[in-house]
Amino acid sequence: ERINFMPSFTLNEPTLLQNPRLHLNLPYAFKSERALRLHLIEPATSKGHYPLIIFSAGTNFTNDDLSHYFYPLMQLAQQGFVIALVEVRPKDVAPFPAQTSDLLSASRYLLGHAYQYQIDPYRYFLWGHGASASYSSLLASLTATNQAFNDEDCRMQALNYQACICFGLTSLKPTSSYFANQSADLFSYWGKRDLKDNLYIQVGSEADNLFLNLGLLAHPSQKESLVYYTPAKKALDDSFFSPYLINIVQNFLKQKVKKK
C-alpha cells in the first residue's frame, strides 16, 4: 500500500538571536523613601559593548508609562544600542531639579554595571521625551560636574555624555520658580560648558523654537546640532515614533558613535 506524505520544506532561518532582551524594574537608587527603577533593553547578540541611551519621558515633571515606548525603542536596540527607560521622582514627591539628579544617578548605576549589560562605558547619551523630560535631560548633560545637581560625588564618578536628544522641549516655565530662587539658569551652564551637538525634535513651527528664539542655537558649541519640526497637532505619544523619526535618531546616533 502506498503512503502519501505531506510535502516538507527546509526553512533558511537565521541561527542567531534576533529580539532584544528586556530587563524590567531594575532598582538604580533609593531616594525619598522609595526605590527608583529602570527598564533595560539589551541587544540580542553578544558582540562586544554597545552605546547606551538613557531615556526618560514626561511633560510636567511626572512619569509617563514607560511601557508605551518598548516597541519603538526595541527597534532601535536592534541596531546596536542598549536603552535604559528611567523612572524619575515626580514633582509631588521631589520638586525640580530632583529629576535631573535622578538621571545622573541612573547614569552612574548603568555605567557601574556596564560589563553585565554589554554597555560601552565611554559612549552614552541622554534622551528626554516631552517638555520636562527633555529639560531634565539637557540640564543633566550640562551639570554632570556640578555637585549641587548630583546626589553622588561627581568628582569620584565623573560623567561625560556624548549628546542629548530632546523631543518637544518648548517652555521653561515649570522651572522658573526654582531658578528665581537659585540665581542660576540653564543658559549660564550652557555658556560655561563645551556642550556637544544635540538633536532637537520640536513640536510646532520654527517660530515656536525656544532655543532659537533665545539665540542659544547660535552658540559655537551648537554649530552641528540638528533641529526638526513636527506639526503641533501631533501628540508626543507612542504614535509619534514613526519609522522616519526612528531613522533620524538612528542616523544621528551612528554619526556620534563613529570612532575617530
Side-chain angles (χ1 to χ4, degrees), residues 18-29 34-44 50-94 96 98-100 102-103 105-107 109-110 117 119 124-140 164-171 174 198-204 228-253:
Q18 299 296 308
N19 295 320
R21 291 186 288 270
L22 186 59
H23 307 273
L24 297 174
N25 297 312
L26 300 175
Y28 71 84
R34 60 191 291 172
L36 299 177
R37 303 179 184 276
L38 59 82
H39 310 308
L40 196 69
I41 305 173
E42 184 184 359
Y50 298 97
L52 169 66
I53 300 170
I54 300 154
F55 177 93
S56 59
T59 56
N60 191 25
F61 297 103
T62 57
N63 286 301
D64 287 357
D65 184 349
L66 293 173
S67 66
H68 290 166
Y69 306 100
F70 283 167
Y71 177 71
L73 295 180
M74 288 183 80
Q75 296 179 68
L76 194 57
Q78 288 178 323
Q79 304 304 315
F81 296 94
V82 177
I83 304 174
L85 295 85
V86 178
E87 169 200 22
V88 298
R89 287 171 290 175
K91 64 180 180 181
D92 58 340
V93 172
F96 175 85
Q99 297 73 29
T100 291
D102 292 347
L103 291 173
S105 296
S107 301
Y109 168 84
L110 291 160
Y117 297 116
I119 294 171
Y124 47 97
F125 302 82
L126 287 160
W127 181 346
H129 186 77
S132 61
S134 291
Y135 190 89
S136 298
S137 296
L138 187 57
L139 190 59
C164 185
I165 302 171
C166 297
F167 275 31
L169 179 52
T170 56
S171 172
N198 295 324
L199 171 63
Y200 303 98
I201 307 294
Q202 175 74 50
V203 177
Y228 292 86
Y229 300 96
T230 187
K233 64 182 180 180
K234 190 165 187 177
L236 281 170
D237 56 17
D238 53 345
S239 65
F240 185 69
F241 289 90
S242 64
Y244 175 68
L245 197 57
I246 289 292
N247 189 57
I248 289 175
V249 174
Q250 179 184 325
N251 290 338
F252 172 79
L253 292 171

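For this chain, numbers begin at 1 and follow the sequence in order. Everything quoted here is computed from the prediction, not taken from an experiment.
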Counting N and O atoms only, with roles assigned by atom type, does the side chain of Ser134 sit under 3.5 Å from a partner on the main chain of Cys166, one being a donor and the other an acceptor? no
Who pairs with Arg34 by salt bridge (Lys or Arg N to Asp or Glu O under 4.0 Å), at least two apart in sequence or on another chain? Glu87
Test item: Tyr109 and Leu36 side chains (from C-beta on) under 4.5 Å apart, heavy atoms: no
Side chain proximity check, Leu110 to Leu38, heavy atoms < 4.5 angstrom: yes
Within the distance-only criterion (no hydrogens, no angle test), does the side chain of Arg21 pair as donor or acceptor with the backbone N or O of Ala44 below 3.5 angstrom? yes
Name the one of Leu199, Leu126, Ile54 that satisfies side chain to side chain contact (heavy atoms under 4.5 Å, CB included) with Cys164? Leu126
With distance as the sole test, does Gln99 use its side chain to make a donor-acceptor pair with the main-chain N or O of Arg89 at under 3.5 Å? yes
How many angstroms lie between CZ in Phe61 and OG1 in Thr100, if you round to the nearest 0.5 Å? 7.5 Å
Do Phe96 and Ser132 come within less than 4.5 Å of each other through their side chains, counting heavy atoms only? no
Which residues share a ring-ring contact (aromatic ring centres under 6.0 Å, His included) with Phe70, sequence neighbours left out: His39
When you compare the side chain of Phe55 with that of Ile165, does any pair of heavy atoms fall below 4.5 Å? no
Hey, are the side chains of Leu253 and Leu76 touching, using non-hydrogen atoms and a 4.5 Å cut-off? yes
Could you list the residues that satisfy side-chain contact (heavy atoms from CB on, under 4.5 Å) with Ser56, not counting sequence neighbours? Leu103, Ala133, Ser137
Not counting sequence neighbours, which residues clear side chain to side chain donor-acceptor pair (under 3.5 Å) with Asp65? List them please. Ser67
Gly58 backbone acceptor or donor facing Asn63 side chain under 3.5 Å: no
Among residues at least two apart in sequence or on other chains, which ones pass side chain to side chain donor-acceptor pair (under 3.5 Å) with Thr62? none
I need the Asp102 CG to Ser136 OG distance, nearest 0.5 Å. 9.0 Å
Contact between Tyr50 and Tyr117 at the side-chain level, heavy atoms closer than 4.5 Å - yes or no? no
Step-by-step ring pair (Phe, Tyr, Trp, His ring centres under 6.0 Å) determination, Phe125 to Phe81: CA-CA 10 Å; Phe125 302 82; Phe81 296 94; 7.3 Å; no
Rounded to the nearest 0.5 Å, how far does CG of Asn19 lie from CE of Met74? 6.0 Å
Would you say the side-chain atoms of Asn247 pair up with the backbone N or O of Pro243, donor to acceptor, closer than 3.5 Å? no
By side-chain contact (heavy atoms from CB on, under 4.5 Å), which residues pair with Ala77, not counting sequence neighbours? Pro20, Ile41, Ile83
With under 30° as parallel and over 60° as perpendicular, where do the rings of His129 and Tyr69 fit, or are they tilted in between? perpendicular
With sequence neighbours excluded, residues passing ring-ring contact (aromatic ring centres under 6.0 Å, His included) with Tyr124: Tyr161
